[in-house]
Every structure is written in C-alpha cells, then in structure tokens.
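Naming: A, B, ... by sequence-line order, numbering from 1 per chain.
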There are 2 protein chains.
Amino acid sequence: MTRPTFRAESLGYRVNDLARLLAHALRDRIAPFGVVPGQFPQLLALYEEDGLTQAELCRRVRVEQPTMANTLSRMERDGLVTRAPDPADGRRSLVHLTVRARMIEDDLVSAASSVNVDATRGVEQERLSTFMAVLAELVDNLEGRPAASPSVADGGSTP
Amino acid sequence: MTRPTFRAESLGYRVNDLARLLAHALRDRIAPFGVVPGQFPQLLALYEEDGLTQAELCRRVRVEQPTMANTLSRMERDGLVTRAPDPADGRRSLVHLTVRARMIEDDLVSAASSVNVDATRGVEQERLSTFMAVLAELVDNLEGRPAASPSVADGGSTP
DNA sequence: CCTCGGTGGATAGCATGCTATGCACAAGAC
DNA sequence: GTCTTGTGCATAGCATGCTATCCACCGAGG
C-alpha cells in the first residue's frame with residue numbers, strides 16, 4: 001500500500017473540505033438576501049466600523065488588495081456599498097454601507113449563526129472550545145513566523 | 001456595539017482563514033514540482049488507485065464534476081495525467097498518472113506533511129486529536145442530511 | 001518647485017470552486 | 001428496432017482568491 005489514508009487524514013485536506021461545505025451552506029442561506037459568501041467578511045467588518053478605506057479592509061479581513069478591489073466592485077454593483085473619494089487623501093476612497101446593506105444585517109448574522117449551529121450540532125461544548133482554540137493556534141503558526149527550529153527551547157529568539 | 005466579535009469568533013470565518021493559509025503554505029512548497037494545490041487531491045486519489053474515471057474521482061475527492069473536468073484538463077496540460085477513452089464504455093475516459101507524476105509522489109507527500117507539521121507545531125497531541133475528531137463531526141453534520149428538527153425526535157419524517 | 005520613495009488602488013492573468021446546460025452514449029422498456 | 005431514461009463529460013459563465021504590474025497621489029528632501 002502506498003498511503004491509503006494520507007488523504008483522509010491530512011489536516012489541510014480536511015480543513016479545505018470543511019471550508020467548502022461551510023461556504024456552501026452559507027451560500028444557500030444568504031442567497032435570498034442577494035449576498036454571496038465572499039462578501040460576508042467585508043460586510044461584517046463594515047458593520048463593525050463603516051467608512052473604512054480599502055487598504056484597512058484588507059488588513060481586517062486579511063485578503064490581498066486586488067481581491068478586495070474586485071470584491072468591492074461586485075458589492076458596489078450589487079448595491080451593498082458605495083465608494084467615495086477621501087477628501088483628505090486623493091489616493092484613497094472610503095467604503096460605506098448602503099441602506100440596503102444595513103437593513104439586512106440582522107438577517108445575515110442570523111443566517112451565518114444558523115450555519116454554525118447546524119455544523120456544530122451534537123458536538124460537546126468543551127470539545128468545540130478545544131477545536132476553536134486549536135484552530136486559532138494553527139492560524140497563528142501559519143501566519144506568524146514561517147517557523148524555524150522550534151524543537152529546543154523557544155526563549156531568547158528574536159533578540 | 002453591534003457584534004464586535006462575531007466575525008472573529010465565527011466558525012466559518014476562522015475555518016476559511018485557516019484553509020487559505022494552509023493552501024498558501026502548500027502552494028509555496030509544491031511549486032518547485034510544478035504542481036498547484038488544487039491538483040493535490042486528484043493526485044493523492046490516483047496514487048491510491050490509478051486509472052479511475054472522472055466521475056469516480058469526483059466522488060472520492062468530493063468536488064463537482066465540472067470542477068474536476070477543468071482541473072484534469074490543467075493536469076493534462078501540465079503533464080501529470082493522461083485521459084484515455086474507456087474501451088468498455090464510450091462515455092467514459094480513464095485517468096492515468098504520467099511517469100512524471102509518479103516520480104514526484106514522495107516529494108509531494110513530504111511537502112504536504114511538512115505543512116501539517118508546521119501548522120500543528122506546539123499543539124498538544126491530545127488537543128490535536130480532538131481537533132481532528134471534531135472536524136470530522138462538523139463535516140458529517142454538513143454533508144449528511146441538511147438537518148431538520150434536532151430538538152425532539154427525528155423519526156417519522158418523510159413518511 | 002521638483003524629484004523620489006512609499007502608499008492606495010486598479011488591471012491583467014490565472015487557479016479553483018460552483019451552478020446550469022448541452023450532448024453523447026448506454027441500457028432497459030416496448 | 002426504437003424510445004426513454006440515466007450517466008459521463010464538456011462548456012459557459014460567474015465568484016473568490018492569488019501574484020505581478022501599473023498608475024496616481026502623498027509627503028519628504030533637495
């Protein structure tokens with residue numbers, strides 16, 4: 001046998017699977033509101049604070065700038081946001097939610113919550129807490145440093 | 001405050017983040033071999049069993065058929081697989097690995113393993129086991145039934 | 001003022017994923 | 001034998017994500 005279960009056991013493989021399933025479930029539930037999953041992080045960030053610049057949105061939702069530019073264009077097309085030039089800086093434009101986007105906030109958050117609830121149905125609370133904590137650790141490992149040699153002690157590094 | 005932390009705490013949000021980070025890390029490490037992350041599941045499935053049909057590949061890696069058709073076209077273009085008509089059934093074609101694809105198997109598996117190792121560095125084994133187990137439960141919840149009425153009994157529906 | 005490096009944003013080009021269709025072939029109904 | 005149904009695959013069209021570039025504007029140095 002080669003590695004008959006590597007695929008099934010690989011972290012990356014399974015996480016990718018789960019991400020697609022979650023996105024699919026979310027898509028189904030927010031379609032009635034004329035929103036697609038890729039617009040969700042931007043909307044949530046703007047619900048938290050409106051009138052951000054594109055660059056600031058990139059930092060908060062952690063996607064690359066061209067991705068954000070394209071997504072915002074679609075959101076503008078779909079009547080979710082408007083882009084107005086920043087009077088204080090000719091390079092920037094400020095992204096604002098439309099009235100429509102604000103009106104569907106509760107619906108969207110409910111839809112997303114229901115996906116999370118469905119996905120975690122039957123999972124013990126403590127195990128779920130561990131899951132979320134480990135998830136955060138994995139993200140930290142991957143986005144923090146590219147990881148060097150951690151085998152020994154970890155003190156004294158980056159002097 | 002509206003929901004200042006819903007975004008940061010949402011399962012779907014975090015899982016999507018992690019999936020992109022993992023894919024990015026994998027991309028960096030397999031680029032030298034002329035392979036991209038989206039080809040990985042197909043390669044692993046074919047390493048397990050060569051000569052599958054496109055439909056069977058779809059079932060095993062769980063992507064939709066048009067996605068598979070496009071991915072296989074790119075893999076064919078990149079010299080990783082060949083598609084030969086099935087003599088036993090005029091509709092089907094059988095997907096076979098090329099010599100080149102077989103030669104880089106060990107490198108690819110090593111690269112993927114190293115991503116998993118890096119991502120899980122410093123995570124206790126038991127917590128990691130819980131993580132993987134919960135991950136599987138979440139996938140089951142989402143892909144099983146669309147979930148109906150969970151609170152009471154589930155018998156008697158769809159008479 | 002003018003040049004320059006840095007930042008903000010847009011565009012081009014590509015990989016992955018999806019849904020919706022269309023067409024070819026297989027296999028059974030008649 | 002033909003017709004109907006189902007299966008396998010391709011294509012069109014779109015959403016998301018990325019990298020690589022390019023242009024425009026800001027602010028500091030001269």
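For C:dG8, neither phosphate oxygen OP1 nor OP2 lies less than 4.0 angstrom from any side-chain nitrogen or oxygen of A:Arg83. In this model, the phosphate group of C:dG9 is not approached by any side-chain N or O of A:Arg92 to a distance below 4.0 Å at OP1 or OP2. The side chain of A:Arg77 contributes no N or O atom lying less than 4.0 Å from OP1 or OP2 of D:dC14. Here B:His24 reaches the OP1 or OP2 of D:dT19: one of its side-chain N or O atoms lies under 4.0 Å away. For A:Arg20, a side-chain nitrogen or oxygen approaches OP1 or OP2 of C:dC18 to under 4.0 Å. Regarding contacts with the backbone of D:dC18, a side-chain N or O of A:Thr67 is found under 4.0 angstrom from either OP1 or OP2.
A:Thr71 comes within 4.0 angstrom of no nucleic acid atom, judged by non-hydrogen atoms across all strands. Backbone-only contact: B:Ser93 has heavy atoms under 4.0 Å from sugar-phosphate atoms and none from a base. In this structure, A:Pro37 reaches the sugar-phosphate backbone alone: every heavy-atom distance under 4.0 Å involves primed, P, OP1 or OP2 atoms, never a base. Residue A:Gln54 is in sugar-phosphate contact alone, with no base atom involved, counting any heavy-atom pair closer than 4.0 Å across all strands shown.
With C:dC25, C:dG8, C:dC18 as the candidates, the nucleotide lying closest to the side chain of A:Arg59 is C:dG8. Nearest to the side chain of B:Thr53, among C:dT19, D:dC9, D:dT19, sits D:dC9. The listed nucleotides are C:dT11, D:dA10, C:dA15; the one nearest the side chain of B:Arg74 is C:dA15.
Separating the CG atom of B:Asp17 from the P atom of D:dC18 is a distance of 10 Å, rounded to the nearest angstrom. Across the protein-nucleic acid pair, A:Asp86 atom CG and D:dG27 atom C1' stand 15 Å apart, rounded to whole Å. When rounded to the nearest whole Å, the span between CG of A:Asn16 and P of D:dG17 equals 13 Å. If you take CZ of A:Arg91 and C1' of C:dG6, they are 8 Å apart, rounded to a whole angstrom. Atom-to-atom, CG of B:Leu43 to P of C:dT16 comes out at 11 Å; the value is rounded to the nearest Å. A:Arg27 places its CZ atom 7 Å from the C1' atom of D:dA15, with the value rounded to the nearest Å. Nucleotide D:dG17 holds its P atom 18 Å from the CG atom of B:Leu26, rounded to whole Å. Computed from coordinates, the B:Glu76 CD to C:dA15 P distance equals 15 Å when rounded to whole Å.
In terms of position on DNA chain C, the residue among A:Ala69 and B:Asp89 whose nearest nucleotide sits closer to the 5' end is A:Ala69. Projected onto DNA chain D by closest heavy-atom contact, A:Gly90 and A:Asp78 fall at different nucleotides, the more 5' of which corresponds to A:Asp78. When each of B:Pro41 and A:Gln65 is assigned the nucleotide of DNA chain C bearing its nearest heavy atom, the one mapping closer to the 5' terminus is A:Gln65. Residue A:Gln42 is the one, among A:Gln42 and A:Ala88, whose nearest nucleotide of DNA chain D lies closer to the 5' end (criterion: closest heavy atom).
Nearest heavy-atom pair, B:Val15 versus A:Leu135, reported as atom, atom and distance to 0.1 Å: CG2-CD1, 3.8 Å. Between A:Arg100 and A:Asp78, the shortest heavy-atom contact is NH2-O, 3.0 Å. The two atoms that bring B:Arg83 and B:Ala69 nearest to each other are NH1-O, 3.8 Å, heavy atoms only.
A:Arg74 and A:Asn70 share no donor-acceptor pair across their side chains, judged by distance under 3.5 Å alone. Remark: the A:Ser10 side chain and the B:Asn116 side chain contain an N/O donor-acceptor pair separated by less than 3.5 Å.
Residue A:Glu124 qualifies as open at atom CD: its count of foreign heavy atoms under 6.0 Å is 12 or below.
Counting distance only, with no hydrogens placed and no angle test, the side-chain atoms of A:Gln39 and the base atoms of D:dA15 include no donor-acceptor pair under 3.5 Å.
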